[in-house]
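Presented below is the structure to which this report refers.
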Amino acid sequence: MLWRAAFALALLLLPHTEPRTPLDFGLVPGGVYDTVAHYEPGPIGLLFNMVHAFLHVVQPNPFPEDLVIRVAKDKFGAIKSEYQKPENIVLTLQVIYYEIGFVVCAALGLLFVVLLPLVGLLFCMCRCCDNCGGEMHQRQRKNADCQRGLLTTLLLTTTFIITAGVLCAYAANQHLSSQLKTMRRLVNNNLRDLHTFANDTPVQIDYLINQYDTAKDQVLCDLDNVGVLLGGRIHEELGKEVQPALDGVLNMAGVKVEKAMKVMRDTKEALENVSVTLETLQEGTGKLQFNLSVVRAGLSNALSDPACADTLSPTAQICRSIRSSLAQLEISANYSGLPDVTDQLNKVNEVLKTDLSLTVQRGLLAFNDTPTMVTDQTRNVAEGVRGILDGIGSNITSFSRLFPIQSSLNNFTVFISHTHSRIEDIYPEIDQIDFYRWICCITLCCMVVLILSFNFLGLLCGILGFDRHASPTTRGCVSNTGGNLLMAGVGFSFLFSWVLMGVVTATFVVGGNLEKLVCEPFNSRQLFKVLDTPHLVNPTWRNFIPGYLYNDPDMDLTVENVYSNCKENRGIYSALHLDKLFNISALLNTSVYTKDMAQKFEGVKVDLRSIILLDSEGKENLISFTETGIGEINFAAYLEELNKGVTRVDLLSFASNLDTQAEQLSKGSLQTSIKGHANTLRQIYSHQVVSIQQSMNTLNQSIRFLERTSSDLSNKVSEVLTAVNAAQYLISQNATFIVNQETEKYKQTIIGYFKQYIDWVKTSLEMEVATCKPLSNIMDTADILACSFLLDSMNTFWFGLGCSTLFLLPSIILSVRLAKFYRRMDTEDVYDDSIGTWN
């Protein structure tokens, strides 16, 4: 059993050469940025969406990218100086076409501003001359009540619309002021993120440099286990040819691993079973034949009873039937003529005296000793590689210090702090400016509210004080006050509406164009395409960012690329292509060190000619096993007899038939005798036939096993010997190629650790180190402050104020018409009974 333990131990020590797992460099330390550059306006967002929809109606054209680029490149110079040129005229017409919606609305607004004061002045002068409704006389009409009700309803509706507009403007005004705190928080968060960016970057770079030790430690670990790794690989590659041969030897000597001797023992056991079982069957069938003859003779004597003599009786017929079946009580198979297997068994026992497993064990242990041989051969190589590792670490540390990263970040931190202090100084001015703005907007809203007050009070007094039974000259004081309040609202409408419309027109033109030409293109990133237009900023520069940063305008570095990369929180090294300033590839160039390592591994020499897989004794033992004569056994004769039954008839069925026939006989000695012989047959079956059948099954299994074993025994042994010889030749003669091949793979594994480190450094620089999310956050914050806070609020303000101002026109008309029904008239129509009409 010693060889089994040694073989199991060799399997446990057999090196596994699966691909090395990736190195774990951990997570790059990094701070969390506070800025959330996302804005949800809340309920007022509905008003913002209404304004955006209105602007889309005014300006449905897409962003004029080409037009903006042409105007930006020209900088309006050629258009002003050479306006008469056809191309400049066309450009001007294109601008006007794009702005046609704003131009029309602005023209209507200016027309409103100019005409309304004039109309108001003429209206006042006309009324002073008792025209235009200035005459305090109201004609009596049959539909006066219906007309008054209609005018009241229309004026009330118009007033509510004006109220909604002024509330919209007021909400926008308050929203803008309330967002100042949010603005400060956003700005402070952005500056705090820039500080985090500047503070974390040196720590992250130091972490990248320090993680070189992870790769170095893994290389040292592999060097310490070079016998297991390199020797194991050589062992495995040779094993692809050698191991099948060894497996074949083990199969012939026994089986693989834990069943090394099982085949020979099974063969011996099968031969012994054949020998013993054959003898048992010969003896058992002889006894069975004797017992069956005794039963047959007894039945024959019983059938001599006088009751069987009467040929015409039923009993005689039953007797004749039983007598005719007595010939079946005989054995079927004859094992006395089968040859024995004593000679084959003796030869197998002679082969088993030689310990084939010990021979196989020696070859296996010699083959598995490859890692120890490699360890001894590569000891000097490992020391040389350790020296190279220390040199690489020193070069990385010293080379990284050549880059002025720390000084640049210190200057950047000072700049951030200075900028922050300047912004803090501006906050009081911003608050003051916002206060003045808020006062101005409230003043404008108050103008509308004043008019609304007159309208609501006039309607309230007019409706409550109106007496339909009173004549126009006898109307009450409350009703008259209501009419006067409505006319006061008309007067203030003429005074304020042109001012309101002037403010609305100015803010509409500015805010609407900024929304369509700046905010919307920024959100759709079309604005970036304009900024990235070649030669836009400088006629000689293709891209202005690399032109300013690196004096290399042909570099593919655009605003959109920088923004997109920073939006994805990628590293600033890849986002701004900082390899132009800090070339990490030069620092992490493995080709400089690969040559030195290759020279160190050239000294690896492994001599495997001392390994003998299977000596001459083992080969002779295998050949002897094929000459034991197992194939000479007459398997057909054995199988022919085994395919027969034990007896010619089934004894149990025969006994059952005897019982059945005996039941048909009259009770007496004949019936009793026949039933007794039936029971005897059953006892013979249970005591003799069953055991003979078991012996036949055992013999059948052994014969078939020997037949299978002998069928291809010679071929298998020949194949095993051929494979062993080929494997021995491979180890002795062709191992140099495998050694060199596996040494190269091992060297590439060592270098692969550095490549993993380099790839990890590059990936970390692109994705995790100095992530430039704060830069995109600054742009998004600027968009939130300028577009979401300022422009959306300003546009909503002019939208609400403009709606109120526009509806002042119908309010003026309706108030003038309705005031006639509420004011006390100086004269009235009198009904003349003589002619039946009003005078």
Query - Nearest-0.5 Å distance, OG of residue Ser417 to NE2 of residue His195 - result: 4.0 Å
Query - Test item: Ile430 and Tyr427 side chains (from C-beta on) under 4.5 Å apart, heavy atoms - result: yes
Requested in this report: Kindly say whether Gly571 contributes a backbone atom to a donor-acceptor pair with the side chain of Ser574 at under 3.5 angstrom?
Outcome: yes
Report summary line: Closest non-hydrogen atoms of Ser815 and Leu486, given as atom of the first, atom of the second and distance, are CB-O, 3.9 Å
Query raised in the report: For Thr771, does its backbone N or O pair with a side-chain atom of Tyr33 as donor and acceptor, under 3.5 Å?
Result: yes
Query raised in the report: Does CZ belonging to Arg184 count more than 12 external heavy atoms closer than 6.0 Å?
Result: yes
Requested in this report: Look only at the side chain of Lys773 and the backbone of Lys567, and say whether a donor-acceptor pair between them is shorter than 3.5 Å.
Outcome: yes
**Report entry** Side-chain (Thr35) to main-chain (Asn190) donor-acceptor, under 3.5 angstrom
**Finding:** yes
Query raised in the report: For Cys803 and Cys168, is the interatomic SG distance under 2.5 angstrom?
Result: no
Query - Pairs satisfying side chain to side chain donor-acceptor pair (under 3.5 Å), at least one member in residues 439-464, at least two apart - result: Asn455-Ser811
Query raised in the report: When rounded to the nearest 0.5 angstrom, what is the spacing between CG in Asn513 and CG in Leu791?
Result: 10.5 Å
Query raised in the report: If you measure from CG on Leu806 to CG on Leu108, what distance do you get to the nearest 0.5 Å?
Result: 9.5 Å
**Report entry** salt_bridge(Arg437, Asp434) N-O dist < 4.0 Å
**Finding:** yes
Query raised in the report: Could you go step by step and tell me if Arg192 and His420 meet the side-chain contact (heavy atoms from CB on, under 4.5 Å) rule?
Result: CA-CA 9 Å; Arg192 192 180 303 113; His420 195 182; over 6 Å; no
Query raised in the report: Is any side-chain heavy atom of Met447 less than 4.5 Å from a side-chain heavy atom of Phe492?
Result: no
Requested in this report: May I ask you to check if Arg525 and Tyr563 form a cation-pi contact, with NZ or CZ under 6.0 angstrom from the six-membered ring centre and within 45° of the axis?
Outcome: no
**Report entry** Side chain Asn173, main chain Ala169, donor-acceptor under 3.5 Å
**Finding:** no
Report task. Measure the spacing between CG of Asn569 and CG of Leu775 and express it to the nearest 0.5 Å. Result -> 10.5 Å
Query raised in the report: Between Leu517 and Phe63, is any pair of side-chain heavy atoms under 4.5 Å apart?
Result: yes
**Report entry** Side-chain (Asp783) to main-chain (Met779) donor-acceptor, under 3.5 angstrom
**Finding:** no
Query raised in the report: Which of parallel (below 30°), tilted (30 to 60°) and perpendicular (above 60°) describes Phe508 and Phe102?
Result: tilted
**Report entry** Backbone N/O of Val166 and side chain of Ser804: donor-acceptor pair under 3.5 Å
**Finding:** yes
Query raised in the report: Can you check whether Leu444 reaches Cys440 side chain to side chain, under 4.5 Å on heavy atoms?
Result: no
Report task. Taking atom types as modelled, find out whether Glu560 and Thr558 have a side-chain donor-acceptor pair closer than 3.5 angstrom. Result -> no
Report task. Decide yes or no for Met487 and Phe454: does some side-chain heavy atom of the first lie under 4.5 Å from some side-chain heavy atom of the second? Result -> no
Query raised in the report: Closest heavy-atom contact between Val518 and Leu527?
Result: O-CD2, 4.0 Å
Requested in this report: Taking the six-membered ring for Trp and the full ring for Phe, Tyr or His, determine whether the centres of Phe807 and Phe160 are under 6.0 Å apart.
Outcome: no
Report summary line: Value for CG (Asn484) from SG (Cys461), rounded to nearest 0.5 Å, stands at 10.0 Å
Query raised in the report: Do the side chains of Lys516 and Glu520 get nearer than 4.5 Å, heavy atoms only?
Result: yes
Query raised in the report: Checking side-chain contact (heavy atoms from CB on, under 4.5 Å) for the pair Phe496/Leu808: CA distance, chi angles, key distance, verdict?
Result: CA-CA 10 Å; Phe496 296 152; Leu808 286 178; 6.0 Å; no
Query raised in the report: Any side-chain heavy-atom pair from Leu116 and Met501 closer than 4.5 angstrom?
Result: no
Query raised in the report: Are any non-hydrogen side-chain atoms of Asp193 and Phe197 less than 4.5 angstrom apart?
Result: no
Requested in this report: For residues Gly109 and Thr505, report the shortest heavy-atom separation together with the two atoms involved.
Outcome: CA-OG1, 3.5 Å
Report task. Would you check if the side chain of Thr201 reaches a backbone N or O of Ala198 as a donor-acceptor pair within less than 3.5 Å? Result -> no
Report task. Determine the minimum heavy-atom distance between Ala575 and Val562, stating which atoms define it. Result -> O-CG2, 3.7 Å
Requested in this report: State yes or no: are the ring centers of Tyr170 and Phe797 separated by less than 6.0 Å?
Outcome: no
Query - Qualifying side chain to side chain donor-acceptor pair (under 3.5 Å) pairs, either residue in residues 41-56, two or more places apart - result: His52-Asp792
Requested in this report: Could you tell me whether the side chains of Asn188 and Arg185 share a donor-acceptor contact shorter than 3.5 Å?
Outcome: no
Query - OG1-CG distance between Thr413 and Leu194, expressed to the nearest 0.5 angstrom - result: 9.5 Å
Query raised in the report: Just wondering, are more than 12 heavy atoms of other shown residues or ligands nearer than 6.0 Å to OH in Tyr97?
Result: no
Requested in this report: Check Ser793 against Ala172 and note the closest heavy-atom contact, atom names and distance.
Outcome: O-CB, 3.3 Å
Requested in this report: Evaluate the side-chain contact (heavy atoms from CB on, under 4.5 Å) criterion for residues Leu790 and Leu785: first the C-alpha distance (whole Å), next the side-chain angles of each, then the deciding distance (0.1 Å), finally the verdict.
Outcome: CA-CA 6 Å; Leu790 180 59; Leu785 296 180; over 6 Å; no
Report task. Anything under 30° is parallel, anything over 60° is perpendicular, the rest tilted; go ahead and classify His175 against Phe789. Result -> perpendicular
Query raised in the report: Any donor-acceptor pair under 3.5 Å linking the side chain of Gln59 with the backbone of Asn61?
Result: yes
Requested in this report: Could you walk me through whether Ser497 and Phe112 pass side-chain contact (heavy atoms from CB on, under 4.5 Å), step by step?
Outcome: CA-CA 9 Å; Ser497 58; Phe112 187 98; 4.0 Å; yes
Query raised in the report: Considering all heavy atoms of both residues, which atom of Ile784 and which atom of Ala37 are nearest to each other, and what is their separation?
Result: CD1-C, 3.7 Å
Report task. Any chance you could lay out the side-chain hydrogen bond (donor to acceptor under 3.5 Å, both in side chains) test for Gln94 and Tyr98, step after step, and finish with the verdict? Result -> CA-CA 6 Å; Gln94 289 177 342; Tyr98 176 77; over 6 Å; no
